[in-house]
Amino acid sequence: MATNKSRFSAKSSSSITPWLGIAAVVILLDQLSKITITRLFTLGEEKIVTSFFNLVLAYNSGAAFSFLQHAGGWQRYFFTAIALGAAAYIIYLLKKHGGQRLFCWALALILGGAIGNVIDRLLYGHVIDFLDFHHAAFGHFPAFNLADSAICLGAGLFILDELRRVNR
């Protein structure tokens with residue numbers, strides 16, 4: 001009976017392992033999707049999927065929304081260093097707050113997305129983007145990928161977690 005209690009203790013529920021597993025799944029799905037799109041498309045090629053969504057192969061050597069894309073190459077190392085520093089801090093936070101489910105979901109998604117894009121920067125010198133949403137009145141939203149989606153979802157969950165904490 002004591003074995004069952006220790007299995008469900010607060011210490012085991014605050015383990016970092018499940019959160020790193022979620023991050024690993026994000027990285028895996030992100031990299032598989034990027035490999036698939038680069039094998040099926042040439043740079044700039046697009047496939048219309050719906051009236052508001054295309055698949056397109058695009059490279060982004062900058063940051064979000066192509067920020068600093070044409071800065072001469074130094075940004076590759078700068079954004080990689082920022083992402084790796086953020087990843088280290090996120091792992092620290094996951095260890096410290098492993099029992100806070102929503103907070104850790106947010107961090108795990110952000111961690112997986114950040115590492116997914118770091119892999120691209122290190123291997124190719126740019127991030128592979130392929131999701132292209134558009135509207136006639138607004139034009140095309142900058143192309144993005146699954147890693148970017150995970151980061152945005154994680155940021156949204158982080159905000160939700162903070163709002164829930166404030167309202168307690």
Side-chain angles (χ1 to χ4, degrees), residues 10-39 41 43 55-133 140-168:
K11 187 174 183 181
S12 68
S13 69
S14 65
S15 170
I16 192 172
T17 305
W19 309 120
L20 294 179
I22 291 166
V25 168
V26 169
I27 294 165
L28 179 67
L29 292 174
D30 175 63
Q31 290 300 304
L32 286 174
S33 66
K34 290 171 178 175
I35 290 167
T36 301
I37 212 76
T38 55
R39 290 186 181 202
F41 287 70
L43 183 61
L55 290 173
V56 61
L57 177 57
Y59 298 154
N60 180 2
S61 58
F65 308 112
S66 300
F67 176 67
L68 294 176
Q69 183 166 350
H70 303 290
W74 62 267
Q75 70 277 22
R76 171 186 182 185
Y77 305 103
F78 177 71
F79 294 132
T80 298
I82 287 175
L84 291 175
Y89 185 63
I90 287 171
I91 290 169
Y92 163 78
L93 290 174
L94 288 171
K95 285 180 182 177
K96 187 173 179 181
H97 303 284
Q100 297 177 21
R101 294 178 58 86
L102 188 58
F103 181 68
C104 289
W105 263 102
L107 292 176
L109 290 170
I110 293 168
L111 176 63
I115 297 299
N117 283 339
V118 161
I119 290 169
D120 286 10
R121 288 187 198 290
L122 292 175
L123 291 179
Y124 314 117
H126 55 260
V127 173
I128 298 166
D129 291 327
F130 58 92
L131 302 171
D132 176 32
F133 286 88
H140 287 262
F141 188 77
F144 57 99
N145 57 46
L146 294 184
D148 299 333
S149 300
I151 291 168
C152 289
L153 180 58
L157 290 177
F158 181 75
I159 291 167
L160 179 64
D161 183 60
E162 287 302 311
L163 290 174
R164 287 179 53 205
R165 243 184 271 263
V166 168
N167 290 331
R168 285 186 189 163

Of all residues at least two apart in sequence or in a different chain, which pass the side-chain contact (heavy atoms from CB on, under 4.5 Å) check with [X]?
X: V56; answer: E46, D132, A143
X: D161; answer: L102, F103, R165
X: A106; answer: L157, F158

For [X] versus [Y], what's the shortest heavy-atom pair and its separation?
X: A23; Y: L111; result: CB-CD2, 3.9 Å
X: C104; Y: G98; result: SG-CA, 3.7 Å
X: F144; Y: S149; result: CE1-OG, 3.3 Å
X: I110; Y: A155; result: CD1-N, 3.8 Å
X: R121; Y: N60; result: NH1-O, 4.2 Å
X: R101; Y: W19; result: O-CH2, 3.7 Å

**OP:** Quick one: which residue pairs count as a salt bridge (Lys or Arg N to Asp or Glu O under 4.0 Å) with a foot in residues 77-88, not counting sequence neighbours?
**Re:**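 Every candidate salt bridge (Lys or Arg N to Asp or Glu O under 4.0 Å) pair involving residues 77-88 fails, so no pair, neighbours aside, qualifies.
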Subject >> Residue pair W105 / I22, side-chain heavy-atom distance below 4.5 Å >> reply: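 They are in contact (side-chain heavy atoms under 4.5 Å apart), so the answer is yes.
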Original post:
Just wondering, do L131 and L55 contact through their side chains at under 4.5 Å, heavy atoms?
Top reply: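 A side-chain contact exists here, since the closest heavy-atom pair is under 4.5 Å.
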Original post:
Restricting to pairs with a member in residues 83-98, which pass side-chain hydrogen bond (donor to acceptor under 3.5 Å, both in side chains), not counting sequence neighbours?
Top reply: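 Qualifying pairs: H97-Q100.
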**OP:** Evaluate side-chain contact (heavy atoms from CB on, under 4.5 Å) for I91 paired with I16, printing each intermediate quantity in order.
**Re:** CA-CA 8 Å; I91 290 169; I16 192 172; 3.8 Å; yes
**OP:** Hey, could you give me the CG/OH distance between D129 and Y59, rounded to the nearest 0.5 Å?
**Re:**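 If we round to the nearest 0.5 Å, D129:CG and Y59:OH are 11.0 Å apart.
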**OP:** Rounded to the nearest 0.5 Å, what's the gap from CD1 on I90 to CG on L109? Could you check?
**Re:**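 Rounded to the nearest 0.5 Å, the CD1-CG separation comes out at 10.0 Å.
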Donor-acceptor list for residues 26-36 side chains, cut-off 3.5 Å, not counting sequence neighbours:
unit_1: D30; atom_1: OD1; unit_2: K34; atom_2: NZ; d: 3.3
unit_1: D30; atom_1: OD1; unit_2: A147; atom_2: N; d: 3.0
unit_1: D30; atom_1: OD2; unit_2: K34; atom_2: NZ; d: 2.8
unit_1: Q31; atom_1: NE2; unit_2: G116; atom_2: O; d: 3.0
unit_1: Q31; atom_1: NE2; unit_2: D120; atom_2: OD1; d: 3.1
unit_1: S33; atom_1: OG; unit_2: L29; atom_2: O; d: 3.2
unit_1: S33; atom_1: OG; unit_2: D30; atom_2: O; d: 2.7
unit_1: K34; atom_1: NZ; unit_2: N117; atom_2: OD1; d: 3.0
unit_1: K34; atom_1: NZ; unit_2: D120; atom_2: OD2; d: 2.7
unit_1: T36; atom_1: OG1; unit_2: L32; atom_2: O; d: 2.8

